[in-house]
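Here is the structure we will look at, set down as C-alpha cells.
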Amino acid sequence: DGKTDDDAGVITRTKPRTKRPPLYKVLILNDDYTPMEFVVHVLERFFGLSHSQAFELMLTVHKKGVAVVGVFSFEVAETKVGQVMDFARRHQHPLQCTMEKE
Ligand code: NFA
C-alpha cells in the first residue's frame with residue numbers, strides 16, 4: 001500500500017503524495033462585557049468580512065458561545081489571534097480569540 005522494499009530491504013514510499021499544510025480554525029468566544037459593535041469591528045478589520053456578515057457572525061458567537069471566524073495556515077492563524085487579542089487588550093475588553101487544528 002504505497003510502500004515497496006528494494007534488494008537491501010529499504011522501504012520507500014512509491015505513491016505520489018501531495019502534502020498539504022494543516023489548517024487551523026480561528027475561534028471567537030462569547031463573554032458578557034465586550035460590546036457587540038466592538039466584535040463586529042474586529043470581524044470586519046481582521047477577517048475581511050462585510051458589515052452584515054460580521055454582524056451575523058457576532059450574533060452567532062453571542063448566542064452559541066463560540067464560532068469559527070476563519071480557517072488559515074498556522075502562521076496566518078497565529079497572526080490573526082495575536083492581532084485580535086492585542087486589539088481587545090488595548091481597548092480593555094475581555095474578548096478571547098483562539099485557534100485549533102482542523
Ligand atoms: N455577549 C456580548 C454582549 O452582550 C457580545 C459579544 C459577542 C461578546 C460575541 C463577545 C463575542 N455585549
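For the numbers below, each heavy atom of this structure counts, side chains included, while hydrogens, waters and symmetry mates do not. Ligands are counted one by one from 1 in listed order, and the atoms in each one are counted from 1 as well.
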> Looking at Lys25 and Glu102, does any basic side-chain N land under 4.0 Å from a carboxylate oxygen?
Replying inline: no

> Using the benzene-type ring in the case of Trp, are the ring centres of His91 and Phe38 under 6.0 Å apart?
Replying inline: yes

>> Using a 4.0 Å cutoff against the non-hydrogen atoms of Met36, which atoms of ligand 1 qualify?
In response: 5 (C)

>> Out of all atoms in ligand 1, which are within 4.0 Å of some heavy atom of Leu95? Include the element for each.
In response: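 So the answer, numbered in order with elements, is 10 (C), 11 (C).
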
> Non-hydrogen atoms of Leu29 versus ligand 1: any pair closer than 4.0 Å?
Replying inline: yes

Give the residue, atom name and distance (to 0.1 Å) of the protein heavy atom nearest [atom].
{"atom": "atom 3 (C) of ligand 1", "result": "Thr34 O, 3.6 Å"}
{"atom": "atom 9 (C) of ligand 1", "result": "Val61 CG1, 3.5 Å"}
{"atom": "atom 2 (C) of ligand 1", "result": "Asp31 O, 3.2 Å"}
{"atom": "atom 4 (O) of ligand 1", "result": "His62 CE1, 3.2 Å"}

>> Using a plain distance cutoff, I'd like to know if Asp32 has any nitrogen or oxygen under 3.5 Å from a nitrogen or oxygen of ligand 1.
In response: no

> Within a radius of less than 6.0 Å around CZ of Phe55, do more than 12 heavy atoms belonging to other residues, nucleotides or ligands occur?
Replying inline: no

>> Please check: side-chain N/O of Gln53 versus main-chain N/O of Ser50, any donor-acceptor pairing under 3.5 Å?
In response: yes

> What part of Asn30 sits under 4.0 Å from ligand 1 if we count only heavy atoms: the side chain, the backbone, both or neither?
Replying inline: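 Looking at Asn30 and ligand 1, atoms from backbone and side chain both fall under 4.0 Å.
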
> Between Ile28 and Val61, what is the shortest heavy-atom contact and its length?
Replying inline: O-CG1, 3.5 Å

> What's the shortest heavy-atom distance between Ser73 and Tyr24, and which atoms?
Replying inline: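 Ser73 and Tyr24 have their closest heavy atoms at C-CD1, 4.2 Å.
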
>> Grouping I, L, V, M, F, W and Y whenever their side-chain heavy atoms are under 4.5 Å apart, do Phe47 and Val81 come out in a common cluster?
In response: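 Yes, same cluster.
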
